[in-house]
Visitor: 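Let me begin by handing over the structure; questions about it come next.
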Amino acid sequence: GDSVTQMEGPVTLSEEAFLTINCTYTATGYPSLFWYVQYPGEGLQLLLKATKADDKGSNKGFEATYRKETTSFHLEKGSVQVSDSAVYFCALLGLTGGGNKLTFGTGTQLKVEL
Amino acid sequence: GAGVSQSPRYKVAKRGQDVALRCDPISGHVSLFWYQQALGQGPEFLTYFQNEAQLDKSGLPSDRFFAERPEGSVSTLKIQRTQQEDSAVYLCASSPSGVNTGELFFGEGSRLTVL
C-alpha cells in the first residue's frame with residue numbers, strides 16, 4: 001500500500017537558517033504530493049502541493065520538488081523564522097482506496113529559536 | 001468566514017461508554033472526511049462523505065465506529081463501547097469539490113481520552 005516516510009524530529013534551528021525536511025514515498029502510479037503544516041493550537045493547513053513529476057510547489061518561502069526518480073518530496077526554506085515553528089506533515093493522494101484518502105507521514109516538529 | 005468547527009474539543013470517557021463527535025464543515029463544502037490521529041503519528045483516514053452519501057468507510061477500525069451526515073452538512077462520528085485504544089485526536093476535514101484533490105480544510109480536532 002501507499003506510505004510516506006519523513007525524517008524524525010524535532011528539528012531545532014536558529015532563525016535565518018536553511019531548512020530541509022526529508023520526505024520519501026511509496027505508491028502505485030503517479031500520486032499527488034502535499035505538505036501540510038500544523039501551527040500550535042491550530043488545525044492542519046495545506047502548505048503546498050505538486051501533482052506530477054518535476055513540479056515544484058511553493059508557498060510562504062517554502063518549496064518542494066516532486067522527484068519521481070528518487071520518490072521524494074523534500075521541503076526546503078532558505079531562511080526560517082520563529083513563526084515557522086510548527087509540525088510539518090508530508091502526504092500523498094494515490095490510487096489506493098479509490099483515491100479518497102490522503103496518506104500522511106508521522107510529522108516533523110520544527111522549532112526555530114532566536 | 002468560519003472554518004471547520006469540531007466539538008467537543010476535549011472528551012474524557014470511561015471505557016465502555018459511547019461518544020459522539022460533531023463536525024460542522026465549511027458552508028457549501030461537498031466533501032467531508034474523518035481522520036484519526038494517534039499521539040506522535042500522522043492522521044489516518046477513517047471515512048469520506050460526498051454530500052450525504054458515505055462513499056468510503058474503509059478506514060473505520062471496527063463496527064463500533066459509525067459516521068453519518070444525514071443532510072449533507074453537519075457530520076457526527078459515533079464510537080460505541082469505547083476502548084483505550086480509541087484514545088486519539090479525531091480530525092474532520094472538508095473540501096468544496098466532489099472530486100478529491102487532496103486540498104482539505106481541517107478542523108482543530110476532538111481529543112478523546114478513554115480511561
Side-chain angles (χ1 to χ4, degrees), chain A residues 1-10 21 23-27 29-52 55 57 59 64 66 73 86-109, chain B residues 1-7 9-10 23-26 29-51 53-61 67 88-111:
Chain A
D2 296 346
S3 67
V4 175
T5 302
Q6 290 182 236
M7 63 188 288
E8 292 192 12
I21 299 178
C23 171
T24 57
Y25 68 90
T26 301
Y30 300 89
S32 294
L33 301 174
F34 306 83
W35 278 99
Y36 274 82
V37 59
Q38 187 169 30
Y39 297 103
E42 299 185 16
L44 283 159
Q45 302 173 22
L46 178 64
L47 180 60
L48 54 83
K49 66 178 281 189
T51 59
K52 60 184 187 294
D55 263 4
N59 187 24
Y66 188 163
F73 193 55
V87 181
Y88 293 80
F89 292 90
C90 185
L92 70 83
L93 181 68
L95 299 177
T96 302
N100 293 321
K101 64 174 188 176
L102 282 168
T103 299
F104 286 88
T106 55
T108 303
Q109 184 175 17
Chain B
V4 177
S5 178
Q6 294 188 243
S7 62
R9 292 290 314 282
Y10 303 91
C23 173
D24 274 282
I26 294 172
H29 277 200
V30 171
S31 296
L32 185 145
F33 302 81
W34 284 98
Y35 282 79
Q36 180 191 57
Q37 186 175 16
L39 188 64
Q41 302 297 313
E44 296 209 357
F45 172 83
L46 293 177
T47 188
Y48 162 57
F49 290 85
Q50 188 177 106
N51 295 309
Q54 188 174 21
L55 299 186
D56 188 341
K57 54 182 181 180
S58 61
L60 296 176
V89 177
Y90 291 86
L91 302 174
C92 178
S94 68
S95 169
S97 172
V99 176
N100 190 7
T101 62
E103 298 183 42
L104 304 185
F105 295 80
F106 281 85
E108 293 180 37
S110 292
R111 181 180 297 276

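Naming convention: chains lettered A, B, ... in sequence-line order (proteins, then strands); numbering from 1 in each chain. Just the heavy atoms: all of them, side chains too, but no hydrogens, waters or symmetry mates, feed the values below.
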Visitor: State the OG-CD distance between B/S110 and B/Q6, to the nearest 0.5 angstrom.
Guide: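 Interatomic distance, B/S110 OG to B/Q6 CD, rounded to 0.5 Å: 4.5 Å.
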Visitor: Looking at residues at least two apart in the chain, or sitting in another chain, which of them share a side chain to side chain contact (heavy atoms under 4.5 Å, CB included) with A/A86?
Guide: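 Per chain and number, A/A86 pairs via side chain to side chain contact (heavy atoms under 4.5 Å, CB included) with A/V37, A/Y39, A/Y88.
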Visitor: Within the side chain of B/W34, is there an N or O that forms a donor-acceptor pair under 3.5 Å with the backbone of B/G59?
Guide: no
Visitor: Under a 4.5 Å cutoff for heavy-atom pairs, which residue among B/A93, B/G109, B/G107, B/G42 has the most contacts with chain A?
Guide: B/G42
Visitor: Measure A/Q45 against the heavy atoms of chain B and call it side chain, backbone, both or neither at under 4.5 Å.
Guide: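 When you check distances to chain B, no heavy atom of A/Q45 falls under 4.5 Å.
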Visitor: Side chain, backbone, both or neither: which part of B/L91 has a heavy atom under 4.5 Å from chain A?
Guide: side chain
Visitor: Go through the structure and list residues passing salt bridge (charged side-chain N to carboxylate O under 4.0 Å, His left out) with B/E103, not counting sequence neighbours.
Guide: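 Partners of B/E103 under the salt bridge (charged side-chain N to carboxylate O under 4.0 Å, His left out) test: A/K49.
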Visitor: Scan side-chain atoms only and decide if B/E44 and B/Q41 contain a donor-acceptor pair under the 3.5 Å cut-off.
Guide: no
Visitor: Which residue out of A/L93, A/T103, A/L44, A/L92 racks up the most heavy-atom pairs below 4.5 Å with chain B?
Guide: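 Ranked by heavy-atom pairs under 4.5 Å with chain B, first place is A/L44.
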Visitor: Contact part of B/Q37 toward chain A, heavy-atom cut-off under 4.5 Å: side chain, backbone, both or neither?
Guide: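 For B/Q37, the side chain is the part near chain A, not the backbone.
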